[in-house]
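Worksheet for the structure shown next.
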Amino acid sequence: MNILVINYLAGSLISIFNSAEFENVSLNVTDHGFVIGGMMVILGLIFIGNLVAYSRSIDRVGMGVSIAAMRMSLIFPIAVSLFVFNEELASVRYLGIVIALGALLLMVPKIKTKSISGISDAWLPVLIFLMTGAADSSLKVYERLFSTQLSEELFVSGIFIISFLTGMGILIKRGKLHFTFKEIGYGIATGIVNLYSSIFLIYALKLMPGSVVFPIVNVSLVILGTLIGVWIWKDKPTVKQWSGLAAAVISIILLIG
């Protein structure tokens, strides 16, 4: 939690100082100001809540189910892009989406799932599924409806500030409000990565359909993670995971083409 809190603080500060509003020393409150503010509050709570739920789910339910729940949440932003914003795709891209979803499932680590001890544990993967899907879908909503009214940097900084304040509240309640230099260093590094991954995702949504961007981003991250694991940690993927990797490459080719 300590690293998470520093992560959101660092990300929010960097984002604010790089926002167009900060550079122009101006902030225009639009007719949708309350809607945008509400989105930032809700997303801030979802961002940190999702990471807490994911950590707890791995511990109580197992990594396999937790990862599968997070990856399959991809259907939410795809559905929002296709059915709410009426994005039109060539048939080959629909095939790419289906293959991407299958590839993500195939590449779930083969780790024994722990026995679920109660209804609270059973709800953890469901929460991950819903919160991850809601967070990604909301970025698409922002890009289509509000990105001309508030810069990406200021929007993301607002989300991170809420996550930071929530995390601080949890640490204060637990009586653990102290940070080591190592936690601060890791937190800043993580904050930079999380910040720009969110901002670049929004930039990508402006250039390509969301129903294409989200599968490409998710599949690419999984491919990269797998290859890094093989190269650095000498992981040995199963035949199923290698099949998923091949399917992931095919899906990216279809989606880009």
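None of the values given here were measured: they were computed from a predicted structure.
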Practice problem: Could you tell me whether the side chain of Ser197 and the main chain of Asn194 form a donor-acceptor pair under 3.5 Å? | Solution: yes
Quiz item: At what distance, to the nearest 0.5 angstrom, does CD of Glu143 lie from OG1 of Thr148?
Solution: 10.0 Å
Practice problem: Mind running side-chain contact (heavy atoms from CB on, under 4.5 Å) on Leu145 and Phe85 for me, showing each step along the way? | Solution: CA-CA 10 Å; Leu145 302 180; Phe85 295 112; 4.3 Å; yes
Quiz item: Looking at Leu195 and Gly11, what are the two nearest heavy atoms and their distance?
Solution: CD2-O, 3.6 Å
Quiz prompt | Joint cluster assignment, Leu165 & Ile170, ILVMFWY side-chain distance < 4.5 Å | solution = yes
Quiz prompt | Note, Met107 side chain near Leu245 side chain (heavy atom, < 4.5 Å) | solution = yes
Quiz item: Do Met72 and Leu104 have side-chain heavy atoms sitting under 4.5 Å apart?
Solution: yes
Quiz prompt | Shortest non-hydrogen contact from Ser251 toward Gly96 | solution = CB-O, 3.4 Å
Quiz item: Which heavy atom in Ala100 sits nearest to a heavy atom in Pro215, and how many Å separate them?
Solution: CB-CB, 4.1 Å
Exercise. Determine whether Ile46 and Ser138 make a side-chain contact, defined as any pair of heavy atoms from C-beta on separated by less than 4.5 Å.
Key: no
Quiz item: Hey, any chance Val219 and Leu89 share a hydrophobic cluster, counting ILVMFWY side chains that come within less than 4.5 Å of each other, even indirectly?
Solution: yes
Practice problem: Would you mind reporting whether Leu224 and Ile228 have side-chain heavy atoms less than 4.5 Å apart? | Solution: yes
Quiz prompt | Set of residues satisfying ring pair (Phe, Tyr, Trp, His ring centres under 6.0 Å) with respect to Phe76, sequence neighbours excluded | solution = Phe129
Exercise. Using modelled atom types only, decide if a donor and an acceptor are shared between the side chain of Ser15 and the backbone of Glu153 within a distance under 3.5 Å.
Key: yes
Self-check item: Validation row: Val230, Pro237 side chains within 4.5 angstrom (heavy atoms)
Solution: yes
Practice problem: Calculate, to the nearest 0.5 Å, the distance between atoms CD1 and CG belonging to Ile192 and Asn7 respectively. | Solution: 10.0 Å
Quiz item: Do you know the tightest heavy-atom contact between Phe214 and Asp136?
Solution: CZ-O, 3.4 Å
Practice problem: Mind checking the OG-CE spacing from Ser57 to Met70? Nearest 0.5 Å is all I need. | Solution: 9.0 Å
Exercise. Answer yes or no: is there a donor N or O on one side and an acceptor on the other, between the side chain of Ser157 and the main chain of Ile16, under 3.5 Å?
Key: no
Practice problem: Please report the closest heavy-atom contact between Ser66 and Ile128, naming both atoms and the distance. | Solution: O-CG2, 4.2 Å
Practice problem: Look up atom CG in Leu45 and atom CE in Met131, then write down how far apart they are to the nearest 0.5 Å. | Solution: 10.5 Å
Quiz prompt | 4.5 Å side-chain heavy-atom contact, Leu43 and Ile162 | solution = no
Quiz prompt | Cluster overlap Leu101 with Ile223, hydrophobic side-chain contacts below 4.5 Å | solution = yes
Practice problem: Could you state whether Ile250 and Leu74 fall into the same hydrophobic cluster, counting links through intermediate Ile, Leu, Val, Met, Phe, Trp or Tyr residues with side-chain heavy atoms under 4.5 angstrom apart? | Solution: no
Quiz item: Should Ser55 and Leu51 count as side-chain neighbours, where that means a heavy-atom distance under 4.5 Å?
Solution: no
Quiz item: Can any side-chain N or O of Gln149 pair as donor or acceptor with the backbone N or O of Phe146 at less than 3.5 Å?
Solution: no
Practice problem: Check step by step if side-chain contact (heavy atoms from CB on, under 4.5 Å) holds for Lys140 and Leu205. | Solution: CA-CA 7 Å; Lys140 176 62 182 178; Leu205 290 172; 4.3 Å; yes
Quiz prompt | Derivation and outcome, side-chain contact (heavy atoms from CB on, under 4.5 Å), residues Ile159 and Met39 | solution = CA-CA 8 Å; Ile159 296 171; Met39 282 183 62; over 6 Å; no
Quiz prompt | Side-chain heavy-atom pair Leu255, Val213 within 4.5 angstrom cut-off | solution = no
Quiz item: Going through the distances and angles, do Ile6 and Glu183 end up as a side-chain contact (heavy atoms from CB on, under 4.5 Å)?
Solution: CA-CA 8 Å; Ile6 297 297; Glu183 290 171 340; 5.6 Å; no
Quiz item: What do you reckon, is OH of Tyr186 surrounded by more than 12 foreign heavy atoms closer than 6.0 Å?
Solution: no
Exercise. First locate atom CG of Asn2, then atom CZ of Arg174, and finally report the distance between them rounded to the nearest 0.5 Å.
Key: 9.0 Å
Self-check item: All pairs passing side chain to side chain donor-acceptor pair (under 3.5 Å) where residues 206-222 contributes a residue, at least two apart
Solution: Glu87-Ser211, Glu152-Lys206
Quiz prompt | Interatomic spacing from CG in Leu4 to CZ in Phe164 - rounded to 0.5 Å | solution = 12.5 Å
Quiz item: Mind checking whether Tyr8 and Phe47 have parallel, tilted or perpendicular rings, split at 30° and 60°?
Solution: tilted
Quiz item: Are Tyr196 and Val217 linked, directly or through other ILVMFWY residues, by side chains that come within less than 4.5 angstrom of each other?
Solution: yes
